[in-house]
Number of protein chains: 2
Amino acid sequence: MTQSTAEQRENIYAIAQEITQALRRNDTAEAVRLLTDLHYADQADVFDALDDETQDRLIPLLDISTTADLLEELEEADAVEAVEDMPTERLADVLDEMEPDEAADLLGDLPPEQASALLEEMEDSDEVLPLLKYPDDTAGGLMTTSFIALRRGTTAQEAIEYLRAVGPDVDVPYYLYVEDETDRLIGIVGMRELVVAAPETPIERIMDPDVIYVRADEDQEEVARVMTRYDLTAIPVVDDDMRLIGVITYDDILDVVEDEVTEDIYHMANVSDAELTPESPVWQQVRGRLPWLLVNTGTAAFASWVVSHYESTISEVAALAIFQSIVTGQGGNAGSQNVAMMVRTIALGDLESRQMLPILYRQALVGLIQGLAVGAVVGVGAYLWRGNPYLALVVGLALVGNLFIGGLIGTLVPSVLKWLKLDPALASSVFVTAVTDAGGFFIYYTLAGLVLRHL
Amino acid sequence: MTQSTAEQRENIYAIAQEITQALRRNDTAEAVRLLTDLHYADQADVFDALDDETQDRLIPLLDISTTADLLEELEEADAVEAVEDMPTERLADVLDEMEPDEAADLLGDLPPEQASALLEEMEDSDEVLPLLKYPDDTAGGLMTTSFIALRRGTTAQEAIEYLRAVGPDVDVPYYLYVEDETDRLIGIVGMRELVVAAPETPIERIMDPDVIYVRADEDQEEVARVMTRYDLTAIPVVDDDMRLIGVITYDDILDVVEDEVTEDIYHMANVSDAELTPESPVWQQVRGRLPWLLVNTGTAAFASWVVSHYESTISEVAALAIFQSIVTGQGGNAGSQNVAMMVRTIALGDLESRQMLPILYRQALVGLIQGLAVGAVVGVGAYLWRGNPYLALVVGLALVGNLFIGGLIGTLVPSVLKWLKLDPALASSVFVTAVTDAGGFFIYYTLAGLVLRHL
């Protein structure tokens, strides 16, 4: 009986150490047992925690089926590394044992000549080949060809007998799909309906003809949205003629959801490579982080250029420089709040174009109120500190204006990017900062110029 | 046959309009048909798109079962509003028809006296009552009491017959749980194993004794993590004596994952109320957004106070004010990159304390490289623009220092907050901005002071 909590995960490292020690004293049986006693999801983590040398020693000791489970659970790059030195014949057996969609993903990551050699060696290559033609991020790229389809006219009893015969090899356990004579998808039957039906009932009498399906070229994000929306544990994939060509299961979708979320969070924070972790190699991190930081630096330089027009003003009243960053910073922060809310609403598929005008109106009002609040607080604070009502007024009004602008831009930019079919998360914060920086400085110093002799 | 794509969702609004028109010409049957023809997930969206008056007219026209489905799909606040004027007797029937966990959630959101009256009126209140004692965000708060448990010794055939008898009322369709004589959970049987087993096999022979379970007080985020990790469509919940008290299903976990992600994204953007959408009422938005904006304003004011110490320096060399915001802004941006990566790694449960030192070392290096790159670009740019090598050097070095600090703080703060059992997402950006703002100004103007006569 397995209890899986945070504490249990702390054991991962301990088990990895035990395996390393077992291999050091050449107790290979113990090393293998330590790994295979674990749930397959934990096996991958323990394997991950081993150093490269230990991994290379352990892999050839595992049987075909354990190796297949392990490769299915490992991250893509780690899986590729793990099979590097594996003989073609053995790897082909492992690939035959893997789920077709996972096997296809791994083959797609290997060098083309190695992949062709493996496909030639494999027995079940016909299950994998059709999957290789779809891009990874489409329904076709996610689906498995391992599913159960029955012809109209099959009885419940026949279906159960069929299940007994093929069942254990198929990993889409809960639904059966019903096809007509031309292989077109016409319905779906749950395992439970099958079990409780009278044995002689034709399957089309118990099937649900209202199948929710996706086409093979559908984007993975949309597939995730549909499955989440309708609480599906599996969704059938059809070709242009409505023929059933695959099934996407729940676990693949959870990965998609997590990946898409990581991508959104990273993009909003100007990290362009969503595969990065804090442990990624230094150069990979710099490559995935520096470009957008430089773009941001560019817009900041533009804002500096705006400030440079007021150099003589600043020479006269250096105190202005004290408050300039509050104005731009808080405009940017207010704008980021809107970017976050819009990006999330778009990601959840909850935004329709007809709602945009009322949303803009509402966000303008929120921006104004936030601007008045922050402007009043900072204005009063500035007056109490510096004793100059004009300076206080300039800071306060500039904040009102810049938070208003930030709110509007933060709302508008993500939806425009979405409308242009670009990623709202990636460029929004750069645009918003550019506007609230340059715009903030412009408003602030223009207002200051109007009352310069009082400052 | 339903195809669910972005296009289909555009119909939601059109159908809502048709319903409104049908009600206007008093064609109530057509209005109800338009709604009930839809998938229940779509019904909630269409209902949502109706104005309040139309909603109030439509609700009493729906039958008990449709109302129950609808309430299960609506957002909490909308569901509460929808049942406001419903007679107690009718609402009790609806609650009886709902999934126990959904009914408990709704009852928890109603005024206590109304909830007690309803529980007294309900027939199945015994299924709902045990659920009311658990906080919403724990395993107990997520679980349903509607599941199938069998005693050890039951045969496969008996299990199937039991399923035929109770099946349609139970919404946890794919697993059966096995208990010993003292009601302790000892195993799990998949529907498929049941179907393919010989009829006389005792259930403990086909069950998997390695059940992954959670305790009732486990946090929902941890439950989601376990279910995602092990690709589970349902997980049993046990009490302190290992007795099975409920089951959490896949659809509830997807909601948890989405809510937690929204919370992280919002918190990183200083939006404290994760329930907000761009359409939320203005005052609710201000309440959920202004507080952290003001906290941020406070740290920005502190940074301004740091700048104020260099007022005489700025009077002498106003050009310094031009570049000050680049230094603080890019330090903040670099720090945000680290916050995003750390928050995401923590959310996915991939961070162990033993990894912190190597990560800090690595991020320090990344921060340094990014600082050198941005510092060099801006330094060279500043020299070309202003022609003063000392000014260029001050700006460049300050950027190196501040991006280095930003990277370290952005890595450290989320993990310290996590270690203190606080939310890494909420406070991290405030801390990081505070340090990169105040620290950036300090480094920049201190360096400037050293070479002041050359500027």
Side-chain angles (χ1 to χ4, degrees), chain A residues 1-2 4 41 160 163-164 167 173-174 191-192 195-196 210-212 226 228-231 233 251 254 261-262 265-266 269 271 277-278 282 285-286 289-290 293 296-297 300 304 307-308 311 314-315 318 321-323 325-326 329-330 333 336-337 340-341 344-345 359 365-366 369-370 373-374, chain B residues 1-2 4 41 160 163-164 167 173-174 191-192 195-196 210-212 226 228-231 233 251 254 261-262 265-266 269 271 277-278 282 285-286 289-290 293 296-297 300 304 307-308 311 314-315 318 321-323 325-326 329-330 333 336-337 340-341 344-345 359 365-366 369-370 373-374:
Chain A
M1 179 95 54
T2 315
S4 295
I160 288 177
L163 216 56
R164 284 217 175 96
Y174 307 128
M191 197 73 79
R192 181 173 60 165
V195 169
V196 303
D210 257 344
V211 189
I212 296 171
V226 172
T228 311
R229 179 179 179 77
Y230 297 105
D231 293 340
T233 52
D251 49 319
L254 272 176
V261 164
T262 303
I265 289 180
Y266 277 28
V271 179
T277 75
V282 170
Q285 292 203 38
V286 172
R289 294 173 55 177
L290 191 55
L293 201 56
N296 244 313
T297 307
S304 297
V307 176
S308 73
E311 207 172 328
I314 298 171
S315 296
I322 299 176
F323 294 100
S325 296
I326 294 196
Q330 298 319 303
N333 284 336
S336 304
Q337 291 183 330
M341 289 168 63
R344 198 61 193 135
T345 304
I359 285 177
L365 199 57
V366 172
I369 294 171
Q370 296 214 109
V374 174
Chain B
M1 181 90 54
T2 315
S4 295
I160 288 177
L163 216 57
R164 283 215 175 98
Y174 308 128
M191 198 71 82
R192 182 174 58 165
V195 169
V196 302
D210 257 343
V211 189
I212 295 171
V226 173
T228 311
R229 180 178 177 75
Y230 298 105
D231 293 340
T233 52
D251 49 320
L254 272 177
V261 164
T262 303
I265 290 181
Y266 277 28
V271 179
T277 75
V282 170
Q285 292 204 37
V286 172
R289 295 174 53 179
L290 190 54
L293 200 55
N296 244 314
T297 307
S304 296
V307 176
S308 73
E311 208 172 326
I314 299 170
S315 296
I322 298 175
F323 293 100
S325 297
I326 294 197
Q330 298 320 304
N333 283 336
S336 304
Q337 291 183 331
M341 288 167 63
R344 197 61 193 137
T345 304
I359 286 178
L365 199 57
V366 173
I369 293 170
Q370 296 214 107
V374 173

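For clarity, every value in this text was computed on a predicted model and none was experimentally measured. Order of the sequence lines fixes the chain letters, A, B, ..., with proteins taken first and strands second; residue numbering starts at 1 for each chain.
- Note: A:N296 leads A:V271, A:V286, A:I160, A:N296 in heavy-atom pairs under 4.5 Å with chain B.
- Nearest heavy atom pair, residue B:S325 against residue A:S325, reads OG-OG, 3.4 Å.
- The parts of A:L290 that come within reach of chain B are both its backbone and its side chain, each placing non-hydrogen atoms under 4.5 angstrom from that chain.
- What you find for B:R229 and A:A41 is that their closest heavy atoms are O-CB, 3.4 Å.
- Side chain of B:Q285 to backbone of A:V366: no donor-acceptor contact under 3.5 angstrom is found.
- Of the listed residues (A:V307, A:T345, A:T228, A:L293), the one with the most heavy-atom contacts under 4.5 Å to chain B is A:L293.
- With a 4.5 Å cut-off on non-hydrogen atoms, B:L254 touches chain A through its side chain but not through its backbone.
- Ranking A:I359, A:I369, A:T262 against chain B, the residue ahead of the rest is A:T262, based on heavy-atom pairs under 4.5 Å.
- Options A:L365, A:I326, A:I322, A:N333 differ in how many heavy-atom pairs under 4.5 Å they form with chain B, and the most are formed by A:I322.
- In this structure the side chain of A:T277 never reaches within 4.5 angstrom of the side chain of B:R344, judged on heavy atoms.
- Ranking B:P278, B:G329, B:A300, B:A373 against chain A, the residue ahead of the rest is B:P278, based on heavy-atom pairs under 4.5 Å.
- For the set B:T297, B:I314, B:D251, the entry with the most heavy-atom pairs within less than 4.5 Å of chain A is B:T297.
- Heavy atoms closer than 4.5 Å to chain A are found in both the backbone and the side chain of B:R289.
- When each of A:E311, A:M341, A:Q337 is scored by its heavy-atom pairs under 4.5 Å with chain B, the top score falls to A:Q337.
- Atom OG1 in A:T233 sits 12.0 Å away from atom CG in B:D231 (nearest 0.5 Å).
- The two atoms that bring A:A321 and B:A321 nearest to each other are CB-CB, 3.7 Å, heavy atoms only.
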